[in-house]
S.K.: 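Would you mind keeping the following structure in view while I ask a few things?
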Amino acid sequence: MAAATRTAPRAREIFTTLEYGPAPESHACALAWLDTQDRHLGHYVNGKWLKPERRNSVPCQDPITGENLASCLQAQAEDVAAAVEAARTALENWSTLPGARRAQHLTRLAKMIQKHQRLLWTLESLVTGRAVREVRDRDVPLAQQLLQYHAVQAHTQEEALAGWEPMGVIGLIVPPTFSFLEMMWRICPALAVGCTVVVLVPPASPAPLLLAQLAGELGSFPGILNMISGPTSLGPVLASQPGVQKVAFCGAVEEGRTLRRTLAGQGLELSLALGAESLLLLTEAADVDSAVEGVVDATWSDRSQGGLRLLIQESVWDETMTRLQARMGRLRVGRGLDGAVDMGARGAAARDLAQRYVHEAQSQGAQVFQAGDVPSDSPFYPPTLISDLPPASPCAQTEVPWPLVVASPFRTAKEALAVANGTPRGGSASVWSERLGQALELGYRLRMGIVWINAHGLRDPAVPTGGCKESGSSWHGGPDGLYEYLRPSGTPARQPSLSENLNYDTFGLAVPSTLPAGPETGPSSAPPYGLFVGGRFQAPGARSSRPIQDSHGNLHGYVAEGGAKDIRGAVEAAHQAAPGWVGQSPGARAALLGALAAALERRESALAARLERHGVELSVRRLRAWGARAQAQGHTLQVAELRGPVLRLREPLGVLAIVCPDEWPLLAFVSLLAPALAHGNTVVLVPSGTCPIPALEVCQDVATLLPAGLVNVVTGDRDHLTRCLALHQDVQALWYFGSVQGSQFVEWASAGNLKPVWVNRGLPRAWDQDAEGAGPELGLRAAQTKALWLPMGD
Amino acid sequence: MGVPIFITAVTNCCWIGADNCVILGILGTDLSWISKVQVNHPAVLRRAQQVQARRTVKKEWQAAWLLKAVTFIDLTTLSGDDTSSNVQRLCYKAKYPIREDLLKALNMHDKDITTAAVCVYPARVCDAVRALKAAGCNIPVASVATGFPAGQTHLKTRLEEIRLAVEDGATEIDVVINRSLVLTGQWEALYDEIRQFRKACGEAHLKTILATGELGSLTNVYKASMIAMMAGSDFIKTSTGKETVNATFPVAIVMLRAIRDFFWKTGNKIGFKPAGGIRSAKDALAWLSLIKEELGDEWLKPELFRIGASTLLSDIERQIYHHVTGRYAAYHDLPMS
């Protein structure tokens, strides 16, 4: 039998060199799909392709060959309006369906993806240039798991999420460098709870459009998922459409900041997930080889969008660098559709960004090490390790871009924490240590949204993923992801309350001066005078007072006129008290809240003379209730394919500023104070403007019962104090209950440190009703989540 | 320079026996790094999963790699019913592992492709040596020894077994370690035993089987690997093929990291031999790329890498057949071993 029908000319050569050859994954099906669209992609709205005439289009190119794959239409405002209209129409039906029906639909979509997975992964890899292995083995299965997980959540929604309703139409803005998976993390929970979605995808990204088509071809509910292709600058247009209740944005920090400012006062919720840098903390007790693989997972596997900050304990610095550099030498970079590469290309923008950073680092004295099997032609960028970057150099402060790792040494675990927590970023981190105690200590103390112990980059639909600080405080996945798209039943829908002529520069800047205003008619026992800061009553910095009138317009008395310096002092005091209060067990906190409740009870008759008795009683109840609720915080999640638990921790926000409403001077004050304290925050409060005395009277008990600095109350001009708090970079969260303008200003100013804010937009709240005055919403807002991954095995 | 280091090593390594400190002298005075070693099990499992998905070879690369894999095979028969006839057949297969016309088609017929060795029980060494001589080739004969597979016999008989196998003409000895010494933490005793195996081997190569499936943890695998290398093994081998868990990727990763560490510390390259459960051509390719990734190309030669297998060869031949002809082979198209 003749064997020689095909020959292999190079086999001899390869036999000696044992090199890797090309292992191309056919992308014929991706091209065939583009052909079905005549290589001309539009938007996908209401279950149909939308290809309006007379629009600009951008080419969609293969990032490696530069070949034109298709042309993509750029949306204009009316296309966005059409998509939102479709989503609004679909919302009526979708949001009122039983959860089980929505679950069914999501499951069908998961199956649809399964049927067309090859098309999805080749298309995504072809267009984005990411390694096909990562898309095929991770993204696509995870997309299906996300749909399945959220189908289960939809199924149990009526029972598990009673008291909550879907927000409505959600606008989602995804930046160019993010994979379609980032979009799935957000649309799955939104659809599951009954919202409908309009996604603004970056131009020339066909994979999300394909997903929308797959969803549309399920037939029923066409308008629940709509894709509009266009630049991020259309974001404000999308947000301003009537009916859009929430905008979720992921992308660069500065873009998020700008969007926060632009959308201030528009009456919609904005959730931000910003930045992509991650952190890896390698201690001397680590399995260094495994940690090196963690670095590869974090940056050089086409898994994450950002670079990595690598902290290495000095005693294992040399060993780690040797191993890391040896490992880098074996990395392969090449065409994403090659089955044997670690890293693909990310297009010119990402490459230039990396190049700029490297040049700058070099000019500031850093060592740069590059290695790996990298094709010499232009779109690729090699794995890069930067060390000896002086910590004070400008480069060390900016976010590390893909595919860079910036390594720096630390001496002790304590120092590592100081360095790691000393950045404005709070996304994700991993800790590598075989010493259980040390690993847990570091895991708990890192101020990050996600911490992996001895692993990096694990994701699961059941585990909330998000961040804190400037990484934005939005969450996706797990229970937290669902609440992002829910609001307490009965919350009024969005009312645009934008006042165009609000001058951010002058709002609350000046305080009108106050003069003696006639005889005081207040109670004979003089209420305490001063600002309650650091556990005692202090004279205000301005040394002036403001008159308080009673309900009849008579002068009731004077309170201290607080100002910027008083706010500064109060925030400082709150920061000093924070570590002690966080260290208290929930039980101890509950006991102290109980003691405060008892003290309040003793004052009941005196207070009730001026306030409604009902309000005083309720206040006492609220203090006790929140103490009890805080006992049941956080829980363990079980994750598929991971042996070991994931802890969902609920951590305090830090220093929380609360501007209390004018109405219900005691009840609202206590209703806001109690959940904040119960969850371990320290607070700076601005009490009711019209009737601040009861809050100050409570402070007399606070002074004797609670640690100094835990609660600080500053009276004065509300706009002025709000301004000071909102612009304060070291206030970690702000709740504002006041005017429309104040709400808008708070939203605008929060862009500074991207603190989470909660504003009432001038709307009153029924503080005497349990739903609004003591509902789960307060508990949700009073703490932040952290996911701590604890893989186990020996 | 070398002398003072050697002396300090001798004085500091009494726990292992001062005679045998040549390697330790190079390793330096500080042995505490072995006991400090920690292997993170879940992280190694993840790496094991990834390493198989990250590399693939296709077309002529695959064919060339598979032929290379053939040259790494220790073609093995370790059965109770082995007789001289099937050992003889095995030896001919070792000499002619791939059909001549297939090799010609690939222009590889003059590369003298044979398996790396033939591996048999001690009692069959004579048969194997005779058969290979008759076939006119110098493929080494490897013999298992030291109470294979359990190693639960007296040290004296284990040592004698090695000597007899060497006398019969085996040039490679695959010894099993005494697992009880690992599980009870008697590293010094383990070191001494392997030293004695080393001596008994004389000129023959020593391959030390760690029986990783019975060592309890990956950290133990690392420590046992390190001790075996320090005691003078030429190869460390995963398993006997008779345990319930055989050559797995996580175990291999840990052993390869130990080999790399040993090389970095001493400059000595020690070989690696996975054995047991490697049956398909695809598996073989994965093992080759694992070595390439973890240790580098310089380990991809028969002196430093072997695959212990019996049925693997026929699957590789089948794949080569398909590569050359574009057809799937029938059972009778390929000669049996």
Side-chain angles (χ1 to χ4, degrees), chain A residues 1-24 131 133-134 136-137 284-291 293-294 296-297 301 319 322-323 326-327 329-330 332 338-342 432-435 454-456 458 642-644 791-794, chain B residues 36-47 49-51 53-65 67-68 71 99-108 110-111 113 216-219 253-254 257 260-261 264 288-289 292-294 296-297 300-301 321 323-327 333:
Chain A
M1 202 200 77
T5 49
R6 289 197 297 180
T7 54
R10 297 200 53 208
R12 270 179 88 91
E13 234 174 274
I14 303 162
F15 183 78
T16 342
T17 61
L18 271 192
E19 61 189 5
Y20 289 115
R133 161 205 30 98
E134 203 55 33
R136 178 192 61 206
D137 298 346
E284 62 185 1
D287 171 358
V288 176
D289 282 308
S290 292
E293 291 305 327
V296 175
D297 284 346
S301 298
E319 188 192 350
T322 316
R323 282 165 204 272
R327 180 70 180 90
R330 304 208 197 287
R332 300 189 77 234
D338 188 304
V341 300
D342 294 295
W432 294 79
S433 170
E434 295 301 310
R435 285 215 300 271
N454 292 324
H456 199 105
L458 305 181
L642 178 85
R643 289 188 59 226
M792 64 185 194
D794 179 44
Chain B
K36 274 203 294 194
V37 166
Q38 286 288 332
V39 177
N40 189 280
H41 187 262
V44 171
L45 292 190
R46 278 195 305 275
R47 168 71 177 145
Q49 234 174 20
Q50 280 174 6
V51 81
R54 293 204 167 188
R55 295 289 182 266
T56 171
V57 280
K58 291 185 171 177
K59 306 218 168 100
E60 52 265 51
W61 282 269
Q62 194 178 72
W65 277 53
L67 287 177
K68 195 73 181 185
T71 69
R99 245 171 55 177
E100 191 70 17
D101 56 333
L102 299 177
L103 288 177
K104 268 206 178 109
L106 290 163
N107 193 20
M108 294 290 290
D110 55 351
K111 284 275 188 181
I113 290 175
S217 74
L218 291 182
T219 305
I253 286 168
V254 172
R257 286 176 181 174
R260 189 174 56 199
D261 288 349
W264 279 349
L288 257 65
S289 78
K292 195 175 160 77
E293 290 299 308
E294 288 287 329
D297 289 343
L300 283 171
K301 52 187 178 192
Y321 181 96
H323 174 74
V324 171
T325 65
R327 298 158 189 261
D333 280 331

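The sequence lines fix the lettering, A, B, ..., with proteins before strands; numbering per chain opens at 1. Since this is a predicted model, take the numbers as computed values, not measurements.
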S.K.: If you round to the nearest 0.5 Å, how far is CD of Glu19(A) from CH2 of Trp61(B)?
M.R.: 7.0 Å
S.K.: I'd like to know whether Asp289(A) forms a salt bridge (Lys or Arg N to Asp or Glu O under 4.0 Å) with Arg47(B), so could you lay out the CA-CA distance, the side-chain angles of the two residues, the decisive distance to 0.1 Å, and finally the verdict.
M.R.: CA-CA 10 Å; Asp289(A) 282 308; Arg47(B) 168 71 177 145; over 6 Å; no
S.K.: Let me know if Lys68(B) has heavy atoms under 4.5 Å from chain A in its side chain, its backbone, both or neither.
M.R.: both
S.K.: Which answer fits Val44(B), side chain, backbone, both or neither, if we ask what part of it has an atom under 4.5 Å from a heavy atom of chain A?
M.R.: both
S.K.: Using non-hydrogen atoms and a 4.5 Å limit, figure out which bit of Val296(A) sits close to chain B: side chain, backbone, both or neither.
M.R.: side chain
S.K.: Please report the closest heavy-atom contact between Asn454(A) and Ala43(B), naming both atoms and the distance.
M.R.: O-CB, 4.1 Å
S.K.: With a 4.5 angstrom heavy-atom cut-off, could you sort out which part of Ser289(B) is near chain A: side chain, backbone, both or neither?
M.R.: both
S.K.: What part of Leu45(B) is in contact with chain A, defined as an atom under 4.5 angstrom from a non-hydrogen atom: side chain, backbone, both or neither?
M.R.: neither
S.K.: Phe15(A) vs Leu106(B), test: side chain to side chain contact (heavy atoms under 4.5 Å, CB included). Steps then yes/no.
M.R.: CA-CA 11 Å; Phe15(A) 183 78; Leu106(B) 290 163; over 6 Å; no
S.K.: Quick one: what part of Asp338(A) sits under 4.5 Å from any heavy atom of chain B, side chain, backbone, both or neither?
M.R.: neither
S.K.: Hey, mind stepping through Trp432(A) and Asn40(B) against side chain to side chain contact (heavy atoms under 4.5 Å, CB included) and telling me if it holds?
M.R.: CA-CA 10 Å; Trp432(A) 294 79; Asn40(B) 189 280; 5.5 Å; no
S.K.: Of the backbone (N, CA, C, O) and the side chain (C-beta and beyond), which part of Gln62(B) lies under 4.5 Å from a heavy atom of chain A, both, or neither?
M.R.: neither
S.K.: Would you check, one step at a time, whether the test side chain to side chain contact (heavy atoms under 4.5 Å, CB included) holds for Trp264(B) with Arg323(A)?
M.R.: CA-CA 10 Å; Trp264(B) 279 349; Arg323(A) 282 165 204 272; 3.6 Å; yes
S.K.: Looking at CG of Leu300(B) and OG1 of Thr16(A), how far apart are the two atoms once the value is rounded to the nearest 0.5 Å?
M.R.: 12.5 Å
S.K.: When heavy-atom pairs shorter than 4.5 Å are enumerated against chain B, which of Gly294(A), Ser290(A), Gly329(A) gives the highest number?
M.R.: Ser290(A)
S.K.: Any idea which of Gln50(B), Arg257(B), Arg46(B) has the most non-hydrogen atom pairs under 4.5 angstrom with chain A?
M.R.: Arg257(B)
S.K.: Please look at Arg332(A) and chain B and tell me whether the side chain, the backbone, both or neither of the residue comes under 4.5 angstrom of a heavy atom of that chain.
M.R.: both
S.K.: Tell me if a side-chain donor or acceptor on Lys292(B) pairs with a main-chain N or O of Leu18(A) at a distance below 3.5 Å.
M.R.: yes
S.K.: Taking the side chain as every heavy atom from C-beta outward, state whether Asp342(A) and Arg55(B) have any atom pair closer than 4.5 Å.
M.R.: yes
S.K.: Any idea which heavy atoms bring Pro42(B) and Gly793(A) closest together, and the distance?
M.R.: CD-O, 3.7 Å
S.K.: For atom NZ of Lys59(B), is the number of surrounding heavy atoms from other residues, nucleotides or ligands below 6.0 Å larger than 12?
M.R.: no
S.K.: Report yes or no: do Arg54(B) and Ser301(A) form a side-chain donor-acceptor pair below 3.5 Å?
M.R.: yes
S.K.: Given that the side chain runs from C-beta out, which part of Ala326(A) has a heavy atom under 4.5 Å from chain B: side chain, backbone, both or neither?
M.R.: side chain
S.K.: Looking at Lys301(B), Lys104(B), Lys111(B), which has the largest count of heavy-atom pairs under 4.5 Å with chain A?
M.R.: Lys111(B)
S.K.: Counting only heavy atoms closer than 4.5 Å, note whether Leu642(A) contacts chain B via side chain, backbone, both or neither.
M.R.: neither
S.K.: Check whether Arg12(A) reaches the backbone of Asn107(B) with its side chain - one donor and one acceptor, N or O, closer than 3.5 Å.
M.R.: yes
